[in-house]
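In what follows, a single structure is set out as structure tokens and then discussed.
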Amino acid sequence: MAEERRGAWFGFGFCGFGQALGSGRGRQVHSPEPLRAPGAGLDVCRVSASWSYTAFVTRERPPSGAIPTPALGACPAPSPASSPPPAGGGGQVELSGFAVGAVGGCRDAWASEELLVVLRAGPGPGAGTELQAWAPGSALRGEPLWAQTVPEAEREDGPGGDETQAGPLPLLPCARAYVSPRPPFYQPLAPTLRARRLELGAEHALLLDAAGQVFSWGGGRHGQLGHGTLEAEPEPRLLQALQGLTMAEVAAGGWHSVCVSEAGDIYIWGWNESGQLALPTKSVAEDGKTTSEASGLNEDGSEVKRVAGGGDGAPTPFIAVQPFPALLDLPLGSDAVKASCGSRHTAVVTRTGELYTWGWGSSTDVTVRLTALGYQK
């Protein structure tokens with residue numbers, strides 16, 4: 001096994017295309033394994049995973065006795081535009097899986113099945129950072145599908161000139177626009193929205209602002225917007241249910257949403273077809289051999305269905321759609337600090353460094369479930 005270092009990255013789940021760096025193709029990674037960057041002198045500092053491939057941003061590790069590398073997730077700033085891409089893979093984006101390729105001079109990447117987006121040094125002196133959109137199958141060769149410069153003057157610098165106030169892609173460094181996987185690729189945000197982080201689901205978007213408030217917009221047919229309805233929202237709308245609570249993290253799945261408060265509480269809503277909300281699912285209810293199904297609504301608007309045919313013949317309730325944020329308790333009263341979503345699964349990291357996952361665990365998704373909440377295979 002590769003040497004495990006503090007801050008190392010691990011991968012697990014379906015790896016039929018070699019999506020986990022260094023794990024090989026055509027295998028199922030049933031438990032977390034360390035990622036193996038190509039070359040002993042490289043560190044993986046950021047990862048963006050799509051279904052069939054993964055984008056890794058690496059930096060060059062300094063020799064022994066040199067200044068330590070930045071903290072995990074702190075990728076190198078773009079190299080000066082007049083300089084060639086850094087040698088040895090520092091600030092390099094590398095693709096692993098169905099899409100392959102590598103390019104230097106980068107500080108961030110965002111992977112989706114439709115589009116691969118990278119932030120690179122601009123084409124000329126003083127040009128700032130260039131946003132490039134590539135077809136995943138292009139191997140990062142030739143010309144990008146689309147490119148746009150993000151000038152230094154547009155960036156929303158914080159006190160002390162900190163230009164890292166905005167989160168990673170798809171939110172742009174200027175914090176005034178984001179990248180969409182479908183045209184138009186460049187999507188401006190209203191000037192009144194001071195974005196700190198932005199997450200995209202299959203049909204919706206979540207935005208966390210500088211004050212810790214959450215906004216959502218886009219498709220809402222699975223309750224993923226959290227406004228209590230299944231209606232779409234064309235523009236960012238404040239989540240009234242979370243007002244008064246300061247949020248620290250947001251994450252968007254295919255059709256569900258998660259946020260983590262500064263106090264460590266988890267709020268979750270949207271589609272629960274695969275147990276991605278850690279609420280009772282149809283598959284669990286059907287363990288008693290379903291013979292019929294009925295549906296209704298809770299007082300909070302969540303769509304509750306019942307299947308008959310349990311051991312005592314009584315209907316067994318399950319949640320299909322949760323259109324309002326629901327408070328989720330982790331085992332042992334653990335506090336959350338990070339959340340992330342796949343299409344139909346959810347992962348949370350606690351203050352004590354524990355990882356909990358739940359949702360779809362078939363051969364095409366994450367294989368570890370939160371058994372403490374009853375979602376066993």
Side-chain angles (χ1 to χ4, degrees), residues 6-13 30-32 47 49 72-73 167 196-197 199 201 206 208 212-214 216 222-224 226 239 241-285 287 298 300 302 304 317-362 365-377:
R6 180 176 177 81
W9 290 88
F10 291 76
F12 53 98
H30 291 280
S31 60
V47 175
L72 180 67
R196 193 167 91 201
R197 189 176 183 92
E199 293 283 322
L206 290 178
L208 178 68
Q213 298 184 108
V214 179
S216 66
H222 294 294
Q224 63 265 48
L239 249 69
L242 298 177
Q243 273 199 295
L245 300 171
T246 304
M247 296 297 148
E249 288 281 326
V250 293
W255 298 270
H256 73 290
S257 305
V258 182
C259 60
V260 178
S261 73
E262 286 192 343
D265 295 322
I266 302 170
Y267 294 87
I268 194 163
W269 63 94
W271 198 28
N272 193 45
E273 179 267 348
S274 298
Q276 56 265 53
L277 305 188
L279 299 174
T281 65
K282 183 177 181 180
S283 61
V284 173
D287 285 346
N298 271 335
D300 66 356
S302 58
V304 178
F318 63 92
I319 304 294
V321 170
Q322 174 68 35
F324 278 109
L327 178 63
L328 177 65
D329 291 324
L330 291 177
L332 305 177
S334 301
D335 292 335
V337 291
K338 292 284 185 181
S340 182
C341 298
S343 177
R344 286 185 279 173
H345 72 275
T346 307
V348 166
V349 177
T350 69
R351 293 193 196 280
T352 54
E354 296 172 308
L355 170 67
Y356 289 97
T357 65
W358 59 90
W360 190 25
S362 73
D365 215 311
V366 64
T367 61
V368 182
R369 292 191 177 194
L370 181 55
T371 56
L373 289 180
Y375 295 103
Q376 302 182 33
K377 295 187 81 172

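Start at 1 with the first residue, then count along the sequence. Below, all heavy atoms of this structure are taken into account, side chains as well, without hydrogens, waters or symmetry copies.
In terms of the side-chain contact (heavy atoms from CB on, under 4.5 Å) criterion, residue partners of A326 (sequence neighbours excluded) are, by chain and number, Q322. With sequence neighbours excluded, no residue forms a side-chain hydrogen bond (donor to acceptor under 3.5 Å, both in side chains) with Q276. T350 meets the side-chain hydrogen bond (donor to acceptor under 3.5 Å, both in side chains) test with T352; sequence neighbours excluded. By the side-chain contact (heavy atoms from CB on, under 4.5 Å) test, A347 pairs with L355, T357, sequence neighbours left out.
Closest non-hydrogen pair, A336 versus V348, comes out as CB-CG1, 3.5 Å. Considering every non-hydrogen atom in both G275 and W358, the closest pair reads O-CD1, 3.2 Å. Of all the heavy atoms in W271 and A320, the pair that sits closest is CD1-O, 3.5 Å. The heavy-atom pair separating S261 from Y267 by the smallest distance is CB-CE1, 4.4 Å.
Judged purely by atom type and a 3.5 angstrom limit, N272 uses its side chain to pair as donor or acceptor with the backbone of L277.
Pairs engaging residues 251-264 under the salt bridge (Lys or Arg N to Asp or Glu O under 4.0 Å) rule: none recorded [sequence neighbours left out].
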Output a table of donor-acceptor pairs, distance under 3.5 Å, between side-chain atoms of residues 247-257 and any protein atom two or more places apart or on a different chain; print 'none' if there are none.
from, atom 1, to, atom 2, distance (Å)
E249, OE2, K338, NZ, 3.2
H256, NE2, T346, OG1, 2.9
S257, OG, H204, NE2, 2.9
S257, OG, Q224, O, 2.8

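Note that the CD atom of E354 and the CG atom of L330 stand 9.0 Å from one another [nearest 0.5 Å]. Atom CG of D329 and atom CG of L327 lie 5.0 Å apart (nearest 0.5 Å).
The closest side-chain heavy-atom distance from W269 to L239 is below 4.5 Å.
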Verdict with supporting geometry, W360 and E273, side chain to side chain contact (heavy atoms under 4.5 Å, CB included)
CA-CA 9 Å; W360 190 25; E273 179 267 348; over 6 Å; no
Can V258 and I266 be said to form a side chain to side chain contact (heavy atoms under 4.5 Å, CB included), step by step?
CA-CA 7 Å; V258 182; I266 302 170; 3.9 Å; yes
